[in-house]
Student: 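Got a structure for you, questions after.
Index from 1, following the sequence.
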Amino acid sequence: MESNDAGDDLVGDPVTIHFIGAGPGAADLITVRGQRLISESPVCLYAGSLVPAELLDACPPGCRKVDTANLDLDRILAEMADAHEAGHDVARLHSGDPSVFSAVAEQMRRLDAAGIPYDITPGVPAFAAAAASLGRELTVPSVAQTVVLTRTAERATAMPPGEDLRTLSASRSTMVLHLAVQRIEAVVADLIPSYGRDCPVAVVARASRPDEVILRGTLADIAAQVEEAGIKRTAVIVVGAALTAAQFPDSHLYSTTRCRES
């Protein structure tokens, strides 16, 4: 996806900023395109606390590598602007997929204002890696056909009206919470009224990494498990009946009654 909000003067300009989804943690879960862009970019900006260091091995010789973990937005954009001015492409690595909780939107807004072109390469999101580790499909026929991706507001920007957990949980859809494991007890308290104490829950910390931790339980006991395991960050919480569903109809996709002539 190439920026087209900065004006007609960008038409024909080479892309200089590549936002790349680096995946959930395992270095080999990056896309082929993402790895190629890293290998071709003279500048690499990456969140060192989240992006696997092995991905930097693909950087070309002499690449300027900048860990953005402790940089504010102004300094990050200054690095991008300097590279653009020098005619250098930038591989901007974000953990997971840029479309979800990545803080990419404010960077693109500033690039649009500055007339600096960019594109986005998707990555494997944390919730998909967690589902793979759990060996579960999050959408099961007649059990759950909706997935809610959300977070909590503590130590982050406020949630918009109507997106609090008690409201979102009314549908009893499969729910995946990012950035929320530190307040697991409050999450459980918000979800129990709709889902019930016996609702299946899983917590996957550091999904896809060698030190991955998986906890399985219910809303009644998951908080105690999280506390005992000492999980405080880099984890997703998955809630819903799809986690343990065993009795459900086969999907229509492969049904013998489905017409396949068109």
Student: Heavy atoms only: give me the nearest A126-P24 pair and the separation to one decimal.
Tutor: CA-CB, 4.1 Å
Student: Would you say T16 and H84 are linked by a side-chain donor-acceptor pair, where the criterion is simply a distance under 3.5 Å?
Tutor: yes
Student: Are side-chain heavy atoms of V124 and D97 found at a separation under 4.5 Å?
Tutor: no
Student: For A91 versus I20, what's the shortest heavy-atom pair and its separation?
Tutor: CB-CD1, 3.9 Å
Student: Among L138, V147, L149, L191, which residue satisfies the side-chain contact (heavy atoms from CB on, under 4.5 Å) criterion with M175?
Tutor: L191
Student: Using side-chain heavy atoms (C-beta onward) and a distance below 4.5 Å, is H18 in contact with Y118?
Tutor: no
Student: How would you list all residue pairs meeting side chain to side chain donor-acceptor pair (under 3.5 Å) that involve residues 233-242, not counting sequence neighbours?
Tutor: none
Student: Step through the shown structure and confirm whether more than 12 heavy atoms of other residues, nucleotides or ligands are within 6.0 Å of CG on D250.
Tutor: no
Student: Do L177 and L168 sit in the same hydrophobic cluster, where Ile, Leu, Val, Met, Phe, Trp and Tyr count as joined when their side-chain heavy atoms come under 4.5 Å apart?
Tutor: yes
Student: Any non-hydrogen side-chain atom of C63 less than 4.5 Å from a side-chain atom of P42?
Tutor: no
Student: What do the steps show when you test L111 against L77 for side-chain contact (heavy atoms from CB on, under 4.5 Å), and what is the final call?
Tutor: CA-CA 8 Å; L111 292 174; L77 268 293; 3.6 Å; yes
Student: With hydrophobic residues grouped by side-chain heavy-atom distances under 4.5 Å, do L215 and V188 end up in a single group?
Tutor: yes
Student: If I take atom OG1 from residue T218 and atom CD from residue Q225, how far apart are they, to the nearest 0.5 angstrom?
Tutor: 8.0 Å
Student: Please assess D119 against R33 for the test salt bridge (Lys or Arg N to Asp or Glu O under 4.0 Å), listing each intermediate value before the final yes or no.
Tutor: CA-CA 12 Å; D119 64 10; R33 180 188 299 177; over 6 Å; no
Student: Suppose the criterion is side chain to side chain donor-acceptor pair (under 3.5 Å): which pairs have a residue in residues 168-177, not counting sequence neighbours?
Tutor: S169-S194, S171-S173
Student: Side chains of L37 and D89: closer than 4.5 Å at any heavy-atom pair?
Tutor: no
Student: So, does Q145 use its side chain to make a donor-acceptor pair with the main chain of V140 at under 3.5 Å?
Tutor: yes
Student: Can you tell me if R92 and Q107 form a side-chain donor-acceptor pair at under 3.5 Å?
Tutor: yes
Student: Answer yes if V226 and L165 sit in the same cluster of Ile, Leu, Val, Met, Phe, Trp and Tyr residues linked by side chain heavy atoms under 4.5 Å apart, and no otherwise.
Tutor: yes
Student: Using the ring pair (Phe, Tyr, Trp, His ring centres under 6.0 Å) criterion, which residues pair with Y195? Sequence neighbours excluded.
Tutor: none
Student: Step by step, work out the salt bridge (Lys or Arg N to Asp or Glu O under 4.0 Å) result for E40 and R36.
Tutor: CA-CA 6 Å; E40 296 174 349; R36 175 180 60 78; 3.1 Å; yes
Student: Throw together a table of side-chain donor-acceptor distances under 3.5 angstrom for residues 235-248, partners on residues two or more places apart or in other chains.
Tutor:
none

Student: Output yes when D82 and R64 qualify as a salt bridge under the 4.0 Å nitrogen-oxygen rule, no when they do not.
Tutor: no
Student: At what distance, to the nearest 0.5 angstrom, does CD1 of I38 lie from NZ of K65?
Tutor: 10.5 Å
Student: Verify side-chain contact (heavy atoms from CB on, under 4.5 Å) between L71 and V66, making sure each step is shown before the conclusion.
Tutor: CA-CA 9 Å; L71 301 186; V66 181; 3.8 Å; yes
Student: In Å and rounded to the nearest 0.5 Å, what is the OG1 to CE distance from T68 to M80?
Tutor: 8.0 Å
Student: If a pair satisfies ring pair (Phe, Tyr, Trp, His ring centres under 6.0 Å) and one of its residues is in residues 167-188, list it, with sequence neighbours excluded.
Tutor: F101-H178
Student: Between atom CD1 of I184 and atom CD1 of I231, what is the distance when rounded to the nearest 0.5 Å?
Tutor: 9.5 Å
Student: Return the minimal non-hydrogen interatomic distance between V43 and A83, and the atom names on each side.
Tutor: CG2-CB, 4.0 Å
Student: Check whether any side-chain heavy atom of D164 sits under 4.5 Å from a side-chain heavy atom of M159, and report yes or no.
Tutor: no
Student: Identify whether V181 and V148 are in the same connected component of the hydrophobic contact network (ILVMFWY, side-chain heavy atoms under 4.5 Å).
Tutor: yes
Student: So do F19 and L93 actually touch side chain to side chain, heavy atoms under 4.5 Å?
Tutor: no
Student: To the nearest 0.5 Å, what is the distance between CD1 on I76 and CD on E106?
Tutor: 9.0 Å
Student: To the nearest 0.5 Å, tell me how far D221 CG sits from E228 CD.
Tutor: 11.0 Å
Student: Taking CG in D72 as the centre, count heavy atoms belonging to other residues, nucleotides or ligands within less than 6.0 Å. Is the count above 12?
Tutor: yes
Student: If I compare all heavy atoms of S133 with all of S208, which pair ends up nearest, and what's the gap?
Tutor: OG-N, 4.2 Å
Student: If you look only at pairs with a residue in residues 41-53, which of them pass as a side chain to side chain donor-acceptor pair (under 3.5 Å), with sequence neighbours excluded?
Tutor: none
Student: So which heavy atom on C44 is nearest to which on C59, and how close?
Tutor: CB-SG, 3.9 Å
Student: Is there a path of hydrophobic side-chain contacts, each under 4.5 Å between heavy atoms of I/L/V/M/F/W/Y residues, joining L56 to L45?
Tutor: no
Student: Do R216 and V201 have side-chain heavy atoms sitting under 4.5 Å apart?
Tutor: no
Student: Is there a side-chain contact (heavy atoms from CB on, under 4.5 Å) between T121 and T31 once you walk through the steps?
Tutor: CA-CA 8 Å; T121 296; T31 64; 3.6 Å; yes
Student: Can you confirm whether P117 sits close enough to I17 that some side-chain heavy atom of one is under 4.5 Å from a side-chain heavy atom of the other?
Tutor: no
Student: Just checking, is any N or O donor in the side chain of T150 or E163 under 3.5 Å from an acceptor N or O on the other one?
Tutor: no
Student: Stepwise, does the side-chain contact (heavy atoms from CB on, under 4.5 Å) test hold for R206 with I214?
Tutor: CA-CA 9 Å; R206 300 177 294 278; I214 298 176; over 6 Å; no
